[in-house]
Structures are given as structure tokens and as C-alpha cells.
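All residue numbers refer to positions in the sequence shown, counting from 1. None of these values were measured; they are calculated from a predicted model. Both counts, for ligands and for their atoms, begin at 1 and track the order of listing.
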Amino acid sequence: MVNIILLGPPGAGKGTQAKRISSLYNIPHISTGDMFREAIKKGTELGKTAAKFINEGHLVPDELTIAIVKERLNKDDCKNGYLLDGFPRTLPQAEALDALTLELARPLTHVINITCGTQELVRRITGRRVCRKCGAPYHIDTLKPKVTGICDLCGGELYQRADDTKEALLVRLDHYYKETKPLEDYYKAKKLLVEVDGELGLEGTLKAIKKVLGATK
Ligand code: AP5
């Protein structure tokens, strides 16, 4: 059984690889970013609050973020493994996750830190387009859909996320370096952290992650 965290800066490829790994192991892909975007789309109270932070590149407050992960990890489909993408991002979140995984007897098995240089992160994020319907990521230069503006997988419309502007990205990177990067030491001390190069290309990075997980498929 694998209980995984994917760590890494915005644009490192967490979402892209999470989709592949979760379908390989048939485990739920739990992305706090996707959960917030879904709440924003539905216009819920959570969505309205989260949008104020997300659109400018700020982190959503810990208590809200921890509450949605608690509810999600409690579900039965996480019994046989789960993959967290974008959580935890702060020390209080990491500590809350420790308490939760202990309570549920669903301990972490791997923390995979996907690395990527800042210049490449800026290129990827500012050129990213996402499917409104299924969330599949594309890039205007390096991962083009067959038909401009249309998702290859479901035919949905492609759009640019509100927080994928250069201004919001600089704020997101600042939060990453100040609040999330220190978690590398937190998980190193627990002997769970493994680094994977996020600049090996989509297949190269996937292969490296599969090696860490000991995947035979
Ligand atoms: P979230 O949705 O989690 O965004 P993020 O962490 O900033 O990560 P991204 O989705 O931007 O990047 P990614 O690493 O998934 O890269 P991707 O695979 O898409 O969070 C959004 C916001 O929600 C946060 O800013 C915050 O406000 C809030 N939030 C979420 N979680 C929170 C938490 N725990 N606490 C508080 N607030 C929270 O790839 C990017 C692009 O690169 C794509 O175009 C892709 O095609 C391309 N690409 C990927 N891999 C490669 C590769 N190997 N080679 C070439 N191109 C590649």
C-alpha cells in the first residue's frame, strides 16, 4: 500500500504526475487546489473565502485547509492508499496530518519532492492552460491540444487559471520558499523524503517517481 505526498513548487508537475500515479495504483488523488477550485466553481461559502486568497497567490488559512483534508482522508476510498497533492504546505498542516494519519492508522509511506528551477517554473505556469471540465493540464508551447483551446480528453474548454499570472506566481513562489520548502527538513528527519528531478520531461519524471515507489507496472 502507498500513502504518498507530492511536494514541490508551483509548476513542478505535481498535478500532472499525481493523475498518472493515482491511476496506476488506483488510489484517490487528493488535491487541495482542485478541491478549492471546485468550491469556487460551485459558489459555496468555502469557495468564496478561498477565492480571495487563491486569486492573488496567497495560501488559504490553515484551519480551512486542514478541515477539508480531514474530511476527505476519512473516506473509505483512502483505506487502500491515497496521494496528497499540494498538502501539506505549512508546518501546522504537516503536524495536523501527522495526528490525522495516526488516528486513522493510515501512515505516510512516501514523500516525493519534485524539484524544478525558477525560470522553468515561470515558463510552465504562465503558459499553462487547464481544461474547465476535467482539469487536464496543457501548455501553449510544449503540451498543445490537438485543437486549440479544446481538451483532447473530454472536449472541454481550456482556460488560464486566475492565479497563473506572473504577479500571482511571484506571491505563490514567495509562500513556497518561506512556508513549504522548510517541510523538506521536516520529512527528511522522518526519513520519508525522496527528491525527484521535475525537469526530466513528463515520461522521465514519471519513470523516476515509479522507481521511488518500486512500481512494477
Ligand atoms: P494548487 O492547485 O495546488 O497549485 P500549485 O501547488 O501552485 O501547483 P500547480 O497546480 O500550479 O502546479 P503543479 O506542480 O501541479 O504543476 P502541473 O502538473 O500543473 O494550489 C493553488 C492554490 O490553492 C494555492 O496557491 C493556494 O492559494 C491554495 N491552496 C492549495 N493547497 C493549499 C494548502 N495546502 N494550503 C493553503 N492553500 C492551499 O504542471 C504545470 C505545467 O507544467 C503544465 O502546463 C504541465 O503540462 C507542465 N509540466 C509538468 N511537468 C512537466 C515536465 N516534466 N516537463 C515539461 N512540462 C511539464
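Distance from atom 27 (O) of ligand 1 to its nearest protein heavy atom, with residue and atom name: His58 O, 2.6 Å. Annotation: atom 43 (C) of ligand 1 to nearest protein heavy atom, Arg128 CD, 4.0 Å. Nearest non-hydrogen protein atom to atom 18 (O) of ligand 1 is Thr16 OG1, 2.5 Å. Closest to atom 4 (O) of ligand 1 among all protein heavy atoms lies Arg161 NH2, 3.3 Å. Among all non-hydrogen protein atoms, the one lying nearest atom 52 (C) of ligand 1 is Arg124 NH2, 3.3 Å. Ile54 CG1, 3.8 Å is the protein heavy atom nearest to atom 28 (C) of ligand 1.
Side-chain contact check for Glu120 versus Glu199: some heavy-atom pair is nearer than 4.5 Å.
No chain of hydrophobic side-chain contacts below 4.5 Å, direct or via other Ile, Leu, Val, Met, Phe, Trp or Tyr residues, connects Leu6 to Leu121. Note: the hydrophobic cluster containing Leu24 also contains Ile112 (ILVMFWY, side chain heavy atoms under 4.5 Å, direct or indirect links). The hydrophobic cluster containing Leu206 does not contain Leu7, counting ILVMFWY residues as joined when their side-chain heavy atoms lie under 4.5 angstrom apart, directly or transitively. By the criterion of side-chain heavy atoms lying less than 4.5 angstrom apart, applied directly or through intervening Ile, Leu, Val, Met, Phe, Trp or Tyr residues, Tyr176 is not grouped with Leu84; the two fall into different hydrophobic clusters.
Between Arg37 and ligand 1, a contact under 3.5 Å exists for at least one N or O pair. Inclusion of Thr32 in the set of residues having an N or O under 3.5 Å from an N or O of ligand 1 is warranted. On a distance-only criterion, Pro137 and ligand 1 share no N/O pair closer than 3.5 Å. On a distance-only criterion, Gly11 and ligand 1 share at least one N/O pair closer than 3.5 Å. Taking only nitrogen or oxygen atoms, main chain and side chain alike, Gln93 reaches within less than 3.5 Å of ligand 1. At least one N or O atom of Arg89, backbone or side chain, sits closer than 3.5 Å to an N or O atom of ligand 1. Ligand 1 has an N or O atom lying under 3.5 Å from an N or O atom of Gly15, backbone or side chain.
The two residues Tyr138 and Lys144 have their closest heavy-atom pair at CD2-C, 4.2 Å. The two residues Asp163 and Ala168 come nearest to each other via the heavy atoms O-CB, 3.6 Å.
Not a single heavy atom of Glu199 sits less than 4.0 Å from an atom of ligand 1. Within the structure, ligand 1 lacks Gly8 among the residues with a heavy atom less than 4.0 angstrom away. Using a non-hydrogen distance threshold of 4.0 Å, Gln17 does not register as a contact of ligand 1. Assignment of Tyr138 to the shell around ligand 1 is supported, since a heavy atom sits closer than 4.0 Å. By the 4.0 Å heavy-atom criterion, Pro88 is excluded from the residues contacting ligand 1. Under a 4.0 Å heavy-atom criterion, Ser31 is not in contact with ligand 1. Under a 4.0 Å heavy-atom criterion, Leu202 is in contact with ligand 1.
The heavy atom nearest to atom 25 (O) of ligand 1, considering only Arg172, Glu120, Glu56, is found in Arg172. Distances from atom 22 (C) of ligand 1 to the heavy atoms of Asp163, Val171, Thr205 put Asp163 nearest. Of the candidates Leu143, Leu173, Thr90, Asp62, it is Leu143 that places a heavy atom closest to atom 46 (O) of ligand 1. Looking at Pro9, Ala162, Gly198 and measuring to atom 53 (N) of ligand 1, the nearest heavy atom belongs to Gly198. Scanning Val60, Asp197, Leu206 for the heavy atom closest to atom 36 (C) of ligand 1 points to Val60. In the candidate list Ala168, Gly86, Gly13, Gly13 is nearest to atom 16 (O) of ligand 1, counting heavy atoms.
Between Lys190 and Asp98 there is a salt bridge, with a side-chain nitrogen of the basic residue lying less than 4.0 Å from a carboxylate oxygen of the acidic one. Between Asp77 and Lys75, none of the side-chain N atoms (NZ, or NE/NH1/NH2) sits under 4.0 Å from a carboxylate O, so this pair counts as no salt bridge. Taking a cutoff of 4.0 Å between a charged side-chain nitrogen and a carboxylate oxygen, Asp164 and Arg124 do not qualify as a salt bridge. Salt bridge Glu203/Arg20: present, at least one basic N to carboxylate O contact under 4.0 Å. Ion pair Glu38/Lys42 flagged as a salt bridge, since at least one NZ, NE, NH1 or NH2 atom sits closer than 4.0 Å to an Asp/Glu carboxylate oxygen.
Neither the backbone nor the side chain of Phe53 comes within 4.0 Å of ligand 1, counting heavy atoms alone. Looking at His175 against ligand 1, nothing comes within 4.0 Å, counting heavy atoms. For Lys14, heavy-atom contacts with ligand 1 shorter than 4.0 Å involve the backbone as well as the side chain. If you look at Ala18 next to ligand 1, there are no close heavy atoms at all, none under 4.0 Å. Contacts between Asp164 and ligand 1, counted as non-hydrogen atom pairs separated by less than 4.0 Å, are absent for every part of the residue.
Contact atoms of ligand 1 toward Thr65: 33 (C), 34 (N), 35 (N), 36 (C) (distance under 4.0 Å to a heavy atom of the residue). If you number the atoms of ligand 1 from 1 as listed, the ones under 4.0 Å from a heavy atom of Gly201 come out as 53 (N), 54 (N). Listed by number with element, the atoms of ligand 1 under 4.0 Å from a non-hydrogen atom of Ile125 are 11 (O).
Cation-pi geometry between Arg132 and Tyr159 is met: under 6.0 angstrom from the ring centre, within 45 degrees of the axis.
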Exercise for review: Let me see the working for Leu108 and Tyr82 under side-chain contact (heavy atoms from CB on, under 4.5 Å), right down to the final yes or no.
Suggested key: CA-CA 9 Å; Leu108 291 169; Tyr82 55 83; 3.9 Å; yes
Review point. Which is it for Cys78 and Arg106 under the side-chain contact (heavy atoms from CB on, under 4.5 Å) test, yes or no, and what are the steps along the way?
Key: CA-CA 8 Å; Cys78 296; Arg106 294 175 187 173; 3.7 Å; yes
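Under the 3.5 Å distance criterion, with hydrogens and angles disregarded, no donor-acceptor pair is assigned to the side chains of Asn3 and Thr109.
Under a cut-off of 6.0 angstrom, the local environment of CD in Glu56 is sparse, with at most 12 non-hydrogen atoms contributed by other residues, nucleotides or ligands. Shown here is Lys19, whose NZ atom has more than 12 heavy atoms of other residues, nucleotides or ligands within 6.0 Å.
Residue Tyr177 forms a side chain to side chain contact (heavy atoms under 4.5 Å, CB included) with just one option from Asp174, Thr180, Leu173, and that option is Leu173.
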